[in-house]
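Here is how names work: the chains are called A, B, and so on, in the same order as the sequence lines, proteins then strands, and each is numbered from 1. For the numbers below, each heavy atom of this structure counts, side chains included, while hydrogens, waters and symmetry mates do not.
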Amino acid sequence: LIKGRRIDEELFEDLEGLLITSDFGLETSVAIIEEVRQRHHREMIKQPEMLRQLLRQVVLERLQSSQVDPQPWPEKPGVILVVGVNGVGKTTTIGKLAHYYRGQGQSVMLAAGDTFRAAAVEQLRLWGQRCDCPVIAQQQGSDSASVIYDAHNAAMSRGFDLLIADTAGRLHTKVNLMEELKKINRVLGRQGSRTTHEVWLVLDATTGQNAHSQVKRFHDDLGVTGLIITKLDGTAKGGVVVGLTQAFNLPIRFIGVGEAMEDLRPFDPEQFVEGFF
Amino acid sequence: ALSDRLDQVFKTLKGQGSLSEKNMEDALREVRRALLEADVHLSVVKSFIAKVKDEASGQKVLNSLTPGQQVIKVVHDELVAIMGERNEQLNLAAQPPVVVMMVGLQGSGKTTTTAKLAKRLLDRHQKKSLLASLDVYRPAAMEQLATVGREAGVDVFPGRPDADPRDIAQQALEAARRGGQDILFLDTAGRLHVDDDLMQELEDIKKLLDPLEILLVADAMTGQDAVGIARRFNERLDITGVILSKTDGDARGGAALSIRHVTGKPIKFLGTGETLSGLEPFHPDRIASRILG
Ligand SMILES: Nc1nc2c(ncn2[C@@H]2O[C@H](COP(=O)(O)OP(=O)(O)OP(=O)(O)O)[C@@H](O)[C@H]2O)c(=O)[nH]1
Ligand SMILES: Nc1nc2c(ncn2[C@@H]2O[C@H](COP(=O)(O)OP(=O)(O)OP(=O)(O)O)[C@@H](O)[C@H]2O)c(=O)[nH]1
Ligand SMILES: [Mg+2]
Ligand SMILES: [Mg+2]
């Protein structure tokens, strides 16, 4: 797009269009291009290639500001509560996370907290088998918080390093379903001396600006501690996360790049930005 | 909301003259902003705005509406016109069993929607369906369809995940013929529109079973990628319709306009919830209002 062109207003417009069609969103795209415009003036940039570097840098800075290195689990077991709207890839991601942490020598237990959807428990059980992790479950229709509570007790008494809890997909606008998650949060928060567990919100890379509403609601209700972006192996670039990390100051923990157990990578801002430009 | 922003643009214009070039420029900028925030694809927005500009320019300002309301009316009417007729039914005009194939990206709602459709056809039209899962990849996919099929009160073909989807499809067709079912639903595995092998798999199944309906199930929260996704599925399969799922959230649903614009195919139903009753016929005016915000 930039090759061999002169740096003029038309080029800036085209770059803004590129950001918009990568789901950065109108407001964020305009703000980024404005910053590029100002800095290119100050830094007296003449070559188009330097402009590409500048654009990359501006986007990278926005992503890096909210990235913090992952810390070791504060207690044993570490607990990760996985949440998100329907179909984004929570259950699959949990299978991948279990494999990832097993690969680091940790013992992992899974809690089948989706007590609602057809065959949700079976799906998680199969993932548990693949990485040799026990899955704590009750029958369909049971209380999600009670399954997760039981799993947490089991993980504590059996000395597991990590418990990952699956939850049913739910639209963030459904108050009663969000109340169920708040209850799970409280239940996890009161056990033993535990007051901190991770709450990771899974977002689908094909999602557009609705991601803002999703993050806002889940974060307001639960205190999200990390994001996971799935389906980046498709053509969607997930540009919406740039505006998200700025607005909510949340770290992106992992990205999903396929449907197999190994298709999970720790988030690398530089690689992510490469994908755009 | 867009109506407030447009009223701002036109606050000096109330009840006099006509919509001029200048105030149209500002108004259209607000419409562009609303559509982009609603996830309509940039190229679709550009072409849409050009059309609206033609429609609205030079219109006399009506006494019954503010200029802002007038612009919204032009935009709204144009959106509805593009979105197409409300409530286009499933095409079931063939010797039974009529084959309906459900396709789309991972997690878009195909399996759930398959059962919803079968339930609707049974309850409202007394049509009997056989559901067949061709998803040999996703863990417990076949169990999921078996469970929702049972809930819907319809038969589910007992497939196996170690079989080839093409074979399962043909066996299911045989079973539907023997069982005297009116409709055979093929629930396919979610896939990327850029996965050539898996798109070829769909083409093969289409060739073998000649479905009367090929329905793209698309998530209402899809962003700019909706154009690329819909274009690919349509190019390779010549889809016959679209179902927009998860419209019970607060996604503006601009993907609906993008998909319609790039494929020209009708949006037939809306997914409106997680339970099997969560399916409604498509309402162009409701979706248009929601996209405008
Ligand atoms: N291509 C691709 N597909 C993915 C990825 N992550 C998950 N999927 C697929 O997305 C679909 C949905 O995944 P699930 O794990 O069932 O999603 P979920 O959020 O648990 O869904 P619900 O529990 O129903 O809300 C499945 O077909 C997965 O294989 C990814 O990174 N890339
Ligand atoms: N709220 C809401 N949820 C829906 C709707 N349609 C489907 N879902 C949910 O979306 C999630 C994914 O649905 P599935 O039917 O498994 O999607 P799929 O396309 O078959 O997924 P893959 O086979 O993995 O590609 C499930 O949690 C469904 O309950 C809808 O209209 N509204
Ligand atoms: Mg799940
Ligand atoms: Mg499915």
Point-to-point distance, once rounded to the nearest 0.5 Å, from CG of B:Leu36 to CZ of A:Phe24 = 14.5 Å
Region of A:His172 in contact with chain B, defined by heavy-atom distances below 4.5 Å | side chain
Whatever's closer than 4.5 Å to a heavy atom in chain A on B:Asp248 counts as both
Top of B:Arg32, B:Glu37, B:His193 for chain A proximity - count of heavy-atom pairs under 4.5 angstrom = B:His193
Side chain to side chain contact (heavy atoms under 4.5 Å, CB included) between B:Asp219 and A:Thr206, intermediate numbers included = CA-CA 9 Å; B:Asp219 197 318; A:Thr206 65; 6.0 Å; no
Among the listed options B:Ala220, B:Gly107, B:Gly228, the residue most often paired with chain A at heavy-atom distances under 4.5 Å | B:Gly107
Atom CG of B:Leu192 and atom CD of A:Glu259: how far apart are they, to the nearest 0.5 Å?
-> 7.0 Å
Given that the side chain runs from C-beta out, which part of A:Leu26 has a heavy atom under 4.5 Å from chain B: side chain, backbone, both or neither?
-> side chain
Do you know which of A:Asp204, A:Asp233, A:Thr91 has the most heavy-atom pairs with chain B at a distance under 4.5 angstrom?
-> A:Asp233
Passes side chain to side chain contact (heavy atoms under 4.5 Å, CB included), B:Arg252 versus A:Asn210? Steps please.
-> CA-CA 8 Å; B:Arg252 294 269 290 275; A:Asn210 192 245; over 6 Å; no
Shortest non-hydrogen pair, A:Asp23 vs B:Gln224, comes out as OD1-N, 2.9 Å
So, A:Thr173 and B:Asp250: side-chain donor and acceptor under 3.5 Å apart, yes or no?
-> no
Residue part contacting chain B, namely of A:Leu177, when any heavy atom lies under 4.5 Å = side chain
Checking heavy-atom separations under 4.5 Å from chain A, one finds in residues 146-154 of chain B B:Thr147, B:Val148
Considering non-hydrogen atoms only, spot the tightest contact between A:Asn86 and B:Glu274 and give its length.
-> ND2-OE2, 2.6 Å
CD/A:Gln246: more than 12 non-hydrogen atoms of other groups inside 6.0 Å | yes
Side chain, backbone, both or neither: which part of A:Arg117 has a non-hydrogen atom closer than 4.5 Å to chain B?
-> side chain
Contact origin within A:Gln214 toward chain B - heavy atom pairs under 4.5 Å = side chain
A:Arg56, CZ: over 12 other non-hydrogen atoms inside 6.0 angstrom | yes
If contact means a heavy atom pair closer than 4.5 Å, which residues of residues 133-145 of chain B contact chain A?
-> B:Arg138, B:Pro139, B:Ala140, B:Glu143, B:Gln144
Select one option (side chain, backbone, both, neither) describing which atoms of A:Val240 are under 4.5 Å from chain B's heavy atoms.
-> neither
A:Lys174, NZ atom: more than 12 neighbouring heavy atoms under 6.0 Å | yes
Just how far is it from atom CG of B:Asp225 to atom OG1 of A:Thr235, taken to the nearest 0.5 Å?
-> 3.0 Å
Residue pair A:Val88, B:Met221: steps toward the side chain to side chain contact (heavy atoms under 4.5 Å, CB included) verdict | CA-CA 11 Å; A:Val88 294; B:Met221 64 188 186; 4.0 Å; yes
